[in-house]
Amino acid sequence: MSSEKSLREIRLEKLARLREIGFDPFAVEEHPIDHSARELLDRYEELAPAEGEEKSNQIRFAGRVVSHRIMGKAAFAHLSDGDAKIQVYVRKNDVGDAAWEAFNLLDVGDHLGVTGHLFTTKTGEKSIHVSRLVPLSKALQTLPLGKEKDGERWYALDDVETRYRHRHLDLLANPEARAMLLNRSRVVSAVRSYFLGEGFLEVETPVLQNEAGGAAARPFHSHFNALNLDVKLRISLELYLKRIICGDVPKVFEIGRVFRNEGLSNRHNPEFSLLEWYEAYVNLEATQKRVEDCFRFVAESVFGSAVVRTGDVELDFSKPWARVDMLEAISERSGIAVEELKSAESAKAAMTRVGLDASKETHLGGIIEKLLEVFVEPHLIQPTFVVGYPLETSPLAKKDPNRPGFTRRCEGYVLGREVCNMFSEINDPIDQRERFEAQVAERAAGDDEAHPMDEEFLYALECGMPPTGGCGIGMDRMAMLLTGAEHVREVLLFPMMKPDHKPVS
RNA sequence: GAGGGGUUAGCUCAGCGGUAGAGCAACGCACUUUUAAUGCGUGGGUCGUGGGUUCAAAUCCCACACUCCUCACCA
């Protein structure tokens, strides 16, 4: 576009002029910074010089020019270091003719380094009185930085597509979006430090696999040229991690990207970060306790409190989570008697009676989970564990010895959404083989998400795995609920987007 | 995959058959404590892409692309 081209050309001309007068911004390699903008503002009393001592109390700062006001032979600008911004005051007399011209050649978006002393303007704003300035980069594009006063903002970057496709613009222009993304990273770091602090070993297992197992999902397919081998991208971390347990590493975890070839939604991105941990010699209840500890630790270390406010809800992670029995919860919310959920036939009839389509259901477990999803999940706002999952949908969880047809499995819910899935891992290789065989039969019957047979994993179990508790938490969903994000894309730096055929501005 | 909304200047948006608009940003001049700086002046658009209807299309119709929302799909 010609107008945009001309804006860019104007900036290129300014760059050329900067170089002519000895201020080539791209030739500069460094500009040490004594304090962040936030520090300068917070520690102003301590850092500002006394009257007459300005020259011996110089500080260095650098940041992006986010606004500027030039008034004849003096000028103001705000420099942002991303976290906060501070005003700088430049006078022609103080910096000299060449630097003054250089300053006048700056645009919003450029990076500038300054040396000067702290002072307060007539209107009361803590600022830097500049004695020396160094342009550090020239932005050739105009940046969508809005104007701002007293927390009110004008003309900021709002277009969702631009925010996701050009995330750097979002990061530098939208403080709320930036905070969410940074907090997501802090959540992941806090999770890692929790498990390291608890004596877990962090590992990395293969992304490229012959068979993608450990979850019910369609995988992505790829090809390894050197071995002429079709491979799949992992859909979970589970089976490799349990093989490490079989190697007598009793506490192990991984935080890694997994890939599921499924739809997009406000809670689904095809690649997402999954945390899984496995702990030998502990039961389901101990794993639940770990989930509680982990959430409390993360909330406290990232947000400073175990009580997190998100939207208009206060989530309390300081207390043990509520525990509800799956069938009882369904019964309570749907009016279906627990007795009706004992056989596929009666459960189907009940499902139809409450107005749901039962025609696609092939087994009791699927019906029960569907009923849970419809009737119970939306009500689980405060942290809640739903205990007792059906055998058919839990091919890797130990059978509940006291309850035929059910397993020692539990899922945690917060804000009406599943946040974690944990169970006592099957360590009986004969049982595990039977479960896989049942899954293979379902796959043969047309369920392309049924779990494939994994002989390598079975061999490891045959070599002996101790009783083990394991759990998986979607890190993106965890970040969403802690940051109050409504869309998973708000906690992903670069969410999945179709190729854009429009010219890049 | 289905339905609905959107795509106009760098950004945020208005215009919805009759010569493409505003604010901010940009450019010029003035201004050595301003802060959504101010005053005066100036430039900037294949109106998402491709067809069609019409004397005339940003505007109406069709197709396509991207996008958002809802639904479907989604241990």
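In what follows, chains are A, B, ... by sequence order, proteins preceding strands, each numbered from 1. As the structure is a prediction and not an experimental result, all values here were calculated from the model.
The number of heavy atoms from other shown groups lying within 6.0 Å of CD (E20(A)) is above 12. For M496(A), the CE atom sits in a loose shell: 12 or fewer heavy atoms of surrounding residues, nucleotides or ligands are nearer than 6.0 Å.
A close approach under 4.0 Å does not occur between any side-chain nitrogen or oxygen of R69(A) and OP1 or OP2 of U34(B).
Nucleotides U12(B) and G28(B) are separated by 25 Å at their P atoms, to the nearest Å. Nucleotides A20(B) and G45(B), compared at atom P, are 13 Å apart to the nearest Å. Across A65(B) and C27(B), the matching C1' atoms stand 35 Å from one another, rounded to whole Å.
Qualifying salt bridge (charged side-chain N to carboxylate O under 4.0 Å, His left out) partners for E54(A), counting only residues two or more places apart in sequence or in other chains: none. In this view, E45(A) satisfies the salt bridge (charged side-chain N to carboxylate O under 4.0 Å, His left out) rule with no residue, not counting sequence neighbours. By the salt bridge (charged side-chain N to carboxylate O under 4.0 Å, His left out) test, K348(A) pairs with no residue at all, sequence neighbours left out.
The ring-ring contact (aromatic ring centres under 6.0 Å, His included) contacts involving residues 357-380 of chain A comprise nothing, where partners must be two or more places apart or lie in separate chains.
The stretch residues 433-452 of chain A comes close to RNA chain B through E449(A), each having a heavy atom under 4.0 Å from the strand.
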All N/O contacts under 3.5 Å from nucleotides 23-29 of chain B to the protein, with atom names and distances to one decimal?
| unit_1 | atom_1 | unit_2 | atom_2 | d |
| --- | --- | --- | --- | --- |
| G23(B) | O2' | Y155(A) | OH | 2.4 |
| C24(B) | O3' | K147(A) | NZ | 3.2 |
| A25(B) | OP1 | K147(A) | NZ | 2.7 |
| A26(B) | OP1 | H68(A) | NE2 | 3.3 |
| C27(B) | OP1 | K14(A) | NZ | 2.1 |

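Put simply, the side chain of N93(A) and the base of U32(B) share a donor and an acceptor less than 3.5 Å apart. In the interface, the side chain of E125(A) is not paired with the base of U34(B) through any donor and acceptor atom under 3.5 Å apart.
Under a cutoff of 6.0 Å and an axis angle of 45°, R433(A) and F436(A) do not form a cation-pi pair.
Using a cutoff of 4.0 Å between basic side-chain nitrogens and carboxylate oxygens, R403(A) and D325(A) are scored as salt-bridged.
Positionally, the nearest nucleotide of RNA chain B for M497(A) lies more toward the 5' end than for the other of M497(A) and E418(A).
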